[in-house]
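Reading through the structure tokens given below for one structure.
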Amino acid sequence: MTISAEKSPILKDSGPLRFPEGFVWGAATAAYQIEGAARDDGRGPSIWDTFSRTPGKVHAGHTGDVACDHYHRYPEDIRIMGDLGLSAYRFSISWPRIQPDGSGPANSRGLDFYDRLVDGLHGAGITPIVTLYHWDLPQTLEDRGGWTNRETAERFAEYAEIVHARLGDRVETWTTLNEPWCSAFLGYASGIHAPGRTEPELSFAAVHHLLLGHGLAAGALRAAGAGRIGITLNLSPVLGDDAEAVSVVDGLQNRIFLDPVLRGEYPADVVGRAGRFTDWSFVREGDLEIISRPIDLLGVNYYNPQTVAARTGEPANPVYPGSEGISFPRPDVPKTAMGWPVQPFGLTDLLVRLSRDYPGTPLVITENGAAFDDVVEAGQVHDTDRVAYLDGHLRAAHAAIEAGADLRGYLVWSLLDNFEWAEGYAKRFGIVHVDYATQQRTPKDSALWYREVVGRNGL
Ligand code: IFM
């Protein structure tokens with residue numbers, strides 16, 4: 001489909017802002033959330049296939065079996081991206097398509113799909129940005145302990161090598177993991193995400209093996225001549241008056257990943273506080289050197305800050321093991337359909353902090369966006385809340401650049417409405433609406449607005 005210029009909404013009241021020359025504008029997705037084709041061409045089962053079939057785990061029993069059927073409709077999706085003028089597209093590779101059991105020889109039919117996708121993107125003048133792991137672990141590896149087992153990190157590096165061998169001649173930018181916080185603490189501590197385990201003591205081993213997997217994969221990619229290597233973290237400024245509460249949550253949300261990757265050490269306060277869960281004996285000699293191998297970019301996923309307060313008797317929030325006595329008050333500000341507060345200033349604070357505390361690593365916003373309850377009216381979606389959200393966050397990103405942050409690009413989450421994990425298809429993050437019954441794509445007003453932003457490199 002094509003987008004007509006006259007449908008394009010003009011942004012009112014926005015003072016002009018220009019981003020640096022060469023700033024990368026794009027959109028992001030993830031394999032399990034959009035591809036569908038769950039049994040095509042030799043794909044093996046992933047932990048999300050299992051989890052979504054477990055009663056009560058995913059809204060209305062939704063699964064990624066069909067999703068946006070991107071596996072078959074990718075040419076149309078590339079055309080939409082071309083119409084929007086995007087310069088980059090971040091997508092993830094489905095590990096179980098490449099190695100159905102998580103190890104051993106490559107399934108070439110799985111690789112063929114990404115070959116076609118990458119060629120199609122280049123044909124449309126769009127730069128592919130590959131994420132190697134966006135949560136769809138092969139089930140066979142989970143059956144052997146998943147990320148709580150060190151072996152998974154080793155298998156991940158082999159898989160990275162296989163994918164690079166096929167796509168490395170046409171893909172320059174590689175990110176290893178997407179949001180290891182979610183994999184470790186939603187997957188193994190709270191059980192909100194696959195594999196649905198509630199073993200906070202093992203979630204720290206999962207953190208370490210995810211990071212080790214990142215380091216081993218980064219080493220393999222570097223040895224194979226990869227152009228640019230990074231990792232994507234979901235980071236949140238932590239707000240509140242109680243310094244201890246702020247430090248606990250900041251440690252578990254941000255520093256437990258940033259410090260090992262960018263400084264080669266786990267933060268002492270986090271290690272100490274987690275002592276009641278683990279003796280950290282899974283950290284072996286040399287691991288931190290592997291984890292802190294130099295990277296070329298840090299991917300930042302930002303949605304909202306966390307607000308915390310000290311509160312006697314408050315039970316631990318299961319996604320932050322050891323957070324007893326800390327409450328998470330909801331600030332009195334507008335919220336998205338996820339109930340997440342809209343606080344764009346947090347993005348400025350975050351980017352400025354990263355540049356100050358972890359200097360020398362270029363930053364890319366690899367995800368930012370919002371779910372709202374969109375309605376299709378006469379073939380249009382007037383998602384003014386989303387436009388306002390994106391406008392506010394781009395202004396916040398620009399402010400960070402002015403304050404000295406080395407920010408190179410912005411990738412909106414998400415190109416398409418898609419399978420929002422435990423929320424199934426109930427939450428829509430796309431700038432392009434997907435009618436799941438017909439697979440019809442309809443660019444929302446936010447897509448048309450974004451096209452203008454991209455075209456003028458600013459607001
Ligand atoms: O949909 C997710 C994505 O997979 C990872 N980052 C956050 C998004 C919105 O929840």
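Just so you know, ligand 1 is whichever comes first in the structure, and atom 1 is the first atom listed for that ligand.
- Asp417 pairs in a salt bridge (Lys or Arg N to Asp or Glu O under 4.0 Å) with only one of the listed residues (Lys427, Arg441, Lys444), which is Lys444.
- Between Asn234 and Asn178, the side chains place no donor N or O within less than 3.5 Å of an acceptor N or O (distance only, hydrogens not considered).
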Contact table ligand 1 N or O to protein N or O, d under 3.5 Å:
unit_1: ligand 1; atom_1: 1 (O); unit_2: Gln33; atom_2: NE2; d: 3.0
unit_1: ligand 1; atom_1: 1 (O); unit_2: Trp413; atom_2: NE1; d: 3.2
unit_1: ligand 1; atom_1: 1 (O); unit_2: Glu420; atom_2: OE1; d: 2.6
unit_1: ligand 1; atom_1: 4 (O); unit_2: Gln33; atom_2: OE1; d: 2.7
unit_1: ligand 1; atom_1: 4 (O); unit_2: His134; atom_2: NE2; d: 2.8
unit_1: ligand 1; atom_1: 4 (O); unit_2: Trp421; atom_2: NE1; d: 2.8
unit_1: ligand 1; atom_1: 6 (N); unit_2: Glu179; atom_2: OE1; d: 3.2
unit_1: ligand 1; atom_1: 6 (N); unit_2: Glu179; atom_2: OE2; d: 2.7
unit_1: ligand 1; atom_1: 6 (N); unit_2: Glu367; atom_2: OE1; d: 2.5
unit_1: ligand 1; atom_1: 10 (O); unit_2: Glu420; atom_2: OE2; d: 2.6

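- Remark: Tyr159 pairs with no residue by the side chain to side chain donor-acceptor pair (under 3.5 Å) rule, at least two apart or across chains.
- Under a 4.0 Å N-O distance rule, the pair Arg43/Asp49 qualifies as a salt bridge.
- No side-chain heavy atom of Glu367 sits under 4.5 Å from any side-chain heavy atom of Ser414.
- For Tyr133 and His214, the distance between ring centers is not under 6.0 angstrom.
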